[in-house]
Q: 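First, the structure itself, so that you have it in front of you.
Numbering of ligands and ligand atoms starts at 1, following listing order. Note that the structure is a prediction, hence the values are computed from the model and not measured.
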Amino acid sequence: MRRLPIGRDGMYVIDTGSWRQFRPVVRQADCTRCGICLMYCPVNAVRMSDGEVSFDLTYCKGCGICKIECPKKAIDWVEEGC
Ligand code: SF4
Ligand code: SF4
């Protein structure tokens, strides 16, 4: 089981993905790979590889900062479970 980040028991990992109610989805055709979403994500969940942006859903907590900060508005917002 994943546990809280830092406390009496030391440092461990928190599964912030379990907080998410919405998830970001990039429209790759509109993304310019500027990296701004990567810089703003508070849990470092944005990945850029092979010229495509993706999100690590283990840690993406669905805060929406990437969507708000994307200058191209290339990130859609999808409700979990839909
Ligand atoms: S929704 Fe929040 S946590 Fe998820 S990738 Fe975007 S900025 Fe990071
Ligand atoms: S901020 Fe928007 S345009 Fe820039 S890399 Fe992220 S998704 Fe692509």
Q: Among all protein heavy atoms, pick out the one at the shortest distance from atom 6 (Fe) of ligand 1; state its residue, atom name and that distance to 0.1 Å.
A: Cys66 SG, 2.3 Å
Q: Contact between Ile36 and Pro71 at the side-chain level, heavy atoms closer than 4.5 Å - yes or no?
A: yes
Q: Taking only heavy atoms of Lys61 into account, list the atoms of ligand 1 that are under 4.0 Å away from them.
A: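 Reading through ligand 1 atom by atom, the close ones are 3 (S), 4 (Fe).
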Q: Considering Cys70, Cys41, Gly35, which one's heavy-atom position lies nearest to atom 2 (Fe) of ligand 2?
A: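 Selected option, by shortest heavy-atom distance: Cys70.
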Q: Give the C-alpha distance, both sets of side-chain angles, the deciding distance and a yes or no for side chain to side chain contact (heavy atoms under 4.5 Å, CB included) between Glu79 and Gln21.
A: CA-CA 6 Å; Glu79 190 170 5; Gln21 295 184 320; over 6 Å; no
Q: Should Arg27 and Asp76 count as an ion pair when the cut-off is N to O under 4.0 Å?
A: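 Yes, Arg27 and Asp76 are salt-bridged.
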Q: Which residue and non-hydrogen atom of the protein lie closest to atom 8 (Fe) of ligand 2, and at what distance in Å?
A: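 Looking at atom 8 (Fe) of ligand 2, the protein heavy atom closest to it is Cys31 SG, 2.3 Å.
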Q: May I ask you to list the atoms of ligand 2 that are less than 4.0 angstrom from any heavy atom of Ile75?
A: 7 (S)
Q: Looking only at heavy atoms, what is the nearest atom pair of Arg20 and Cys60, with distance?
A: NH1-O, 2.8 Å
Q: Test of understanding: given a 4.0 Å heavy-atom threshold, classify the contact between Glu69 and ligand 2 as side chain, backbone, both, or neither.
A: neither
Q: Report the nearest protein non-hydrogen atom to atom 3 (S) of ligand 2: residue, atom name, distance rounded to 0.1 Å.
A: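 It is Thr32 N, 3.4 Å.
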Q: Which is it for Pro42 and ligand 1 at heavy atoms under 4.0 Å: side chain, backbone, both or neither?
A: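 Pro42 to ligand 1: side-chain contact only, backbone stays beyond 4.0 Å.
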Q: In terms of side-chain geometry, is the basic nitrogen of Asp56 or Arg47 positioned less than 4.0 Å from the acidic oxygen of its partner?
A: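 The answer is yes: the pair qualifies as a salt bridge.
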Q: Checking only N/O/S atoms, does Cys34 have one that is under 2.8 Å from atom 6 (Fe) of ligand 2?
A: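 False for Cys34.
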Q: Suppose I only count heavy atoms of Arg33 and a 4.0 Å limit; which atoms of ligand 2 are within that range?
A: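 Atoms satisfying the 4.0 Å criterion: 5 (S), 8 (Fe).
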Q: Side-chain contact test, heavy atoms from C-beta onward, threshold under 4.5 Å: evaluate it for Tyr40 versus Cys66 and give yes or no.
A: no
Q: Is there a donor-acceptor pair closer than 3.5 Å between any side-chain N or O of Arg33 and the backbone N or O of Gly51?
A: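 Side chain of Arg33 to backbone of Gly51, a donor-acceptor pair under 3.5 Å: yes, one is there.
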Q: Could you tell me which atoms of ligand 2, counted from 1 in the order shown, lie closer than 4.0 angstrom to a heavy atom of Pro71?
A: 1 (S)
Q: Just jot down the ligand 1 atoms closer than 4.0 angstrom to any heavy atom of Gly62, in number order.
A: 1 (S), 4 (Fe)
Q: Taking all non-hydrogen atoms of both residues, which atom of Val43 and which atom of Tyr59 are closest, and how far apart?
A: CG2-O, 3.2 Å
Q: Any side-chain heavy-atom pair from Val25 and Ile75 closer than 4.5 angstrom?
A: no
Q: Look only at the side chain of Lys61 and the backbone of Asp15, and say whether a donor-acceptor pair between them is shorter than 3.5 Å.
A: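 Checking the backbone N and O of Asp15 against the side chain of Lys61, no donor-acceptor pair under 3.5 Å is found.
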Q: Go through ligand 1 atom by atom and flag the ones less than 4.0 Å from a non-hydrogen atom of Val43.
A: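 Going through ligand 1 atom by atom, the ones under 4.0 Å from Val43 are 3 (S).
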Q: Looking at atom 4 (Fe) of ligand 1, what's its closest protein heavy atom, distance included?
A: Cys60 SG, 2.3 Å
Q: Of Tyr40, Trp77, Phe55, which has the heavy atom at the shortest distance from atom 5 (S) of ligand 1?
A: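 Among Tyr40, Trp77, Phe55, the closest heavy atom to atom 5 (S) of ligand 1 comes from Phe55.
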